[in-house]
Amino acid sequence: MKILQVVHGFPPEFIGGTELYCEAIGRGLASRGHTCFILAGTQESRSAPELVTVDRDGLMVTRFVGTRLRPNHWSPSLWPEAERLILRYLKAMRPDVIHVQHWPRLTSNLVALSKSLGIPTIITLHDLWATCPRGNRLRSDRVFCTDPVPTAPCLTCVPRMEGEKDEDVAREMGFRQGLIADELRLADRVLVPSSAQKAFLAQLLGDQGKRMQVLPPGRIRSLNCASSPAASARPLRVGYWGSLAWWKGPHLLLEALHHLPDPSMVEAHLFGLPSEPEYGRQLEALAEGLSVVFHGKFRPSDLQRQALHLAVFPSLCYESYSFALDEAFQLGLPVIVPDRGAPTTRVGSAGLTFKVGDEVDLASKIRSVVEDPVVLERLRRGQSATTPPSLMIHVGQLEGIYSEVVAALEVFAPAVEMVG
């Protein structure tokens, strides 16, 4: 099959979980004999819109480069210059099936464009973007929003362009909501990575959530179990890795350490780069008086060389899956996660949960481990509640779904011709 993956960004420009997943399944599908290529967004802008194609180690990646100076802003939902070039691209490439992983930096009618050409289309809802212009349902005041789409207070929350009035924002919000409803309706399959994601999206979307199919992603990285220090060894070495962004919560880890009776009993290791310089400075200020190692940019293999006791992922977002959790379990590390989203249903007896956003409660969980090595030993022997499939098993599952929607189109097409 000729398979197109569509995503909001792609490595090396963007290296988040969705982007790495898209690359991994692209290479996995190619290894099974399929022709797989990528259409991606970018933060780059030029004087005239264009599509730029590069060969990324055998995977053909085409990036849409627009003229918008703020490609990360939530509006406008429909981007005519992107729509025009993407439609031309689809007509030229004619994939057998399209898998939309995300819409931002492209245009919000990607499924409609695909279906206008009669191309079967799958979507995966990796986050909450379909229910929130901000993408993560974290309001401007950093409070998590649980309002259903029709009643969500977006008008008072979304970022505005200079001079935008209430009626302008309300009009664009209604337009966005209609586009996304059409995308969900038109897609041949709607996939989500976890049962927790399905349940929350169904709560937010109502009837539109009924079609969702849970398909856990495979392990996009393979790590070996790392050597762990003795449970009684101190300081307790705690690791966090991923983007150093406020919505991922690494500041909560450092704030929690300040609440310990003896912060010197813990050594924190932070892997990743700050999402913004200001947030990086905030983390450095919080690290004063603590034992904190900022490792900066890292490779997965770097995690294997660190003798950690524990991993902490204190995200403020509603995490739909968490690849970092997979990596921690591969490394043989117990974890501490917030009581929101998929991680809380996945940790099983191999981790602890704390009240999301509450650094005092997080401190109490860390303290329970640092003061009693028996707790750490129990967590090390624990089992996660879910075991992700290998990447290639997951690729095979996707291959089956793609084949089904292509076959359904082939069965339906003659009937359409006969009716005509």
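Just so it is clear, the structure is predicted and the values come from calculations on it, not from any experiment. In what follows, residues are counted from 1 in the order of the sequence shown.
Taking the ring axis of Trp246 as reference, the NZ or CZ atom of Arg142 stays within 45° of it and closer than 6.0 Å to the ring centre.
Salt bridge absent: Arg185 and Glu183 never bring a charged side-chain N and a carboxylate O closer than 4.0 Å. Using a 4.0 Å cut-off between charged side-chain N and carboxylate O, Lys248 and Glu319 make a salt bridge. Comment: Arg56 engages Glu23 in a salt bridge, judged by a side-chain N to carboxylate O separation of less than 4.0 angstrom. Between Asp166 and Arg160, at least one side-chain N (NZ, or NE/NH1/NH2) sits under 4.0 Å from a carboxylate O, which counts as a salt bridge.
At a cut-off of 3.5 Å, with distance as the only test, a side-chain donor of Asp127 or His102 sits close to an acceptor on the other residue. Side-chain polar atoms of Arg137 and Thr131 form a donor-acceptor pair below 3.5 angstrom. In summary, the side chains of Thr386 and Arg346 do present a donor paired with an acceptor at a separation below 3.5 Å, with no hydrogens or angles considered. With no hydrogens or angles considered, a side-chain donor-acceptor pair links Gln306 and Arg237 at under 3.5 Å.
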Self-check item: Step-by-step side chain to side chain donor-acceptor pair (under 3.5 Å) determination, Ser222 to Gln330
Solution: CA-CA 8 Å; Ser222 294; Gln330 287 184 70; 4.8 Å; no
Quiz item: Going through the distances and angles, do Leu308 and Leu331 end up as a side chain to side chain contact (heavy atoms under 4.5 Å, CB included)?
Solution: CA-CA 9 Å; Leu308 300 173; Leu331 293 167; 5.9 Å; no
Quiz item: Should Val61 and Leu39 be marked as a side chain to side chain contact (heavy atoms under 4.5 Å, CB included) after you check the CA-CA gap, both sets of side-chain angles, and the distance that decides it?
Solution: CA-CA 6 Å; Val61 179; Leu39 175 64; over 6 Å; no
Quiz prompt | From CA spacing to verdict: side chain to side chain contact (heavy atoms under 4.5 Å, CB included), Ile122, Leu191 | solution = CA-CA 8 Å; Ile122 314 297; Leu191 307 179; 3.7 Å; yes
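Put simply, the side chain of Ser315 does not reach to within 4.5 Å of the side chain of Trp247, judged on heavy atoms. Residues Gln197 and Leu128 have side chains in contact (heavy-atom distance under 4.5 Å, counting atoms from C-beta outward). A 4.5 Å side-chain heavy-atom check between Val266 and Leu260 finds at least one atom pair inside the cut-off. Val190 is listed as a side-chain neighbour of Leu125, based on a closest heavy-atom distance under 4.5 Å. Counting heavy atoms from C-beta on, the side chains of Leu325 and Val347 come closer than 4.5 Å. Side-chain atoms of Val192 and Thr124, non-hydrogen and from C-beta on, never get closer than 4.5 Å to each other. Looking only at side-chain heavy atoms (C-beta outward), Arg367 and Pro261 come within less than 4.5 Å of each other.
Nearest approach of His73 to Arg68, heavy atoms of both residues: O-NH1, 4.0 Å. Between Lys365 and Leu352, the closest heavy-atom pair is O-CD1, 4.1 Å. Of all heavy-atom pairs between Leu184 and Arg211, the closest is O-NH1, 2.5 Å. Leu90 and Ile98 get closest at one heavy-atom pair: CD2-CD1, 3.8 Å.
Every ring pair (Phe, Tyr, Trp, His ring centres under 6.0 Å) that Phe313 has, sequence neighbours left out, goes to Trp241. With sequence neighbours left out, the side-chain hydrogen bond (donor to acceptor under 3.5 Å, both in side chains) criterion links Glu276 to no other residue. Checked against salt bridge (Lys or Arg N to Asp or Glu O under 4.0 Å), Lys165 has no partners two or more places apart in sequence or in another chain. Applying the side-chain hydrogen bond (donor to acceptor under 3.5 Å, both in side chains) criterion to Arg32, with sequence neighbours excluded, gives Glu399. With sequence neighbours excluded, no residue forms a side-chain hydrogen bond (donor to acceptor under 3.5 Å, both in side chains) with Arg84. Asp168 meets the salt bridge (Lys or Arg N to Asp or Glu O under 4.0 Å) test with Arg171; sequence neighbours excluded. With sequence neighbours left out, Tyr402 forms a side-chain hydrogen bond (donor to acceptor under 3.5 Å, both in side chains) with Gln5, His99.
Counting only residues at least two apart or on different chains, no ring pair (Phe, Tyr, Trp, His ring centres under 6.0 Å) pair has a member in residues 338-390. Pairs engaging residues 265-295 under the ring pair (Phe, Tyr, Trp, His ring centres under 6.0 Å) rule: His251-Tyr279, His269-His295, Phe271-His295, Phe271-Phe298 [sequence neighbours left out]. Pairs passing the ring pair (Phe, Tyr, Trp, His ring centres under 6.0 Å) check and including a residue from residues 196-234, sequence neighbours excluded, read Phe144-Phe200, Phe200-Tyr318.
Remark: Lys2 NZ is packed, more than 12 non-hydrogen atoms of other residues, nucleotides or ligands lying under 6.0 Å away. Atom CD of Glu278 is surrounded by 12 or fewer heavy atoms from other residues, nucleotides or ligands within 6.0 Å. Few gaps surround CG on Leu286; more than 12 heavy atoms of other groups in view lie less than 6.0 Å from it. Asp55 CG: more than 12 foreign heavy atoms inside a 6.0 Å radius. By the 6.0 Å contact criterion, CD on Gln383 is open, its count of non-hydrogen atoms from other residues, nucleotides or ligands being 12 or less.
Between His8 and Phe64, the distance from one ring center to the other does not fall under 6.0 angstrom.
Between Trp129 and Trp103, the ring planes are parallel. Angles under 30° get that label, and only those over 60° would be called perpendicular.
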Table please: side-chain donor-acceptor pairs of residues 106-117 below 3.5 Å, with sequence neighbours left out.
residue, atom, partner, partner atom, Å
Thr107, OG1, Trp79, N, 3.1
Thr107, OG1, Asn109, OD1, 3.0
Ser108, OG, Ser77, O, 3.1
Asn109, ND2, Glu83, OE2, 3.1
Ser114, OG, Leu110, O, 3.0
Lys115, NZ, Asp188, OD1, 3.2
Lys115, NZ, Asp188, OD2, 2.8
Ser116, OG, Leu113, O, 2.6

Would you be so kind as to tabulate the donor-acceptor pairs closer than 3.5 Å made by side chains of residues 373-381, with sequence neighbours excluded?
residue, atom, partner, partner atom, Å
Arg380, NH1, Pro229, O, 3.3
Arg380, NH2, Pro229, O, 2.6

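Between the side chain of Ser45 and the backbone N or O of Gly66 there is no donor-acceptor pair closer than 3.5 Å. Asp361 places no side-chain N or O within donor-acceptor distance of the main-chain N or O of Asp358, the cut-off being under 3.5 Å.
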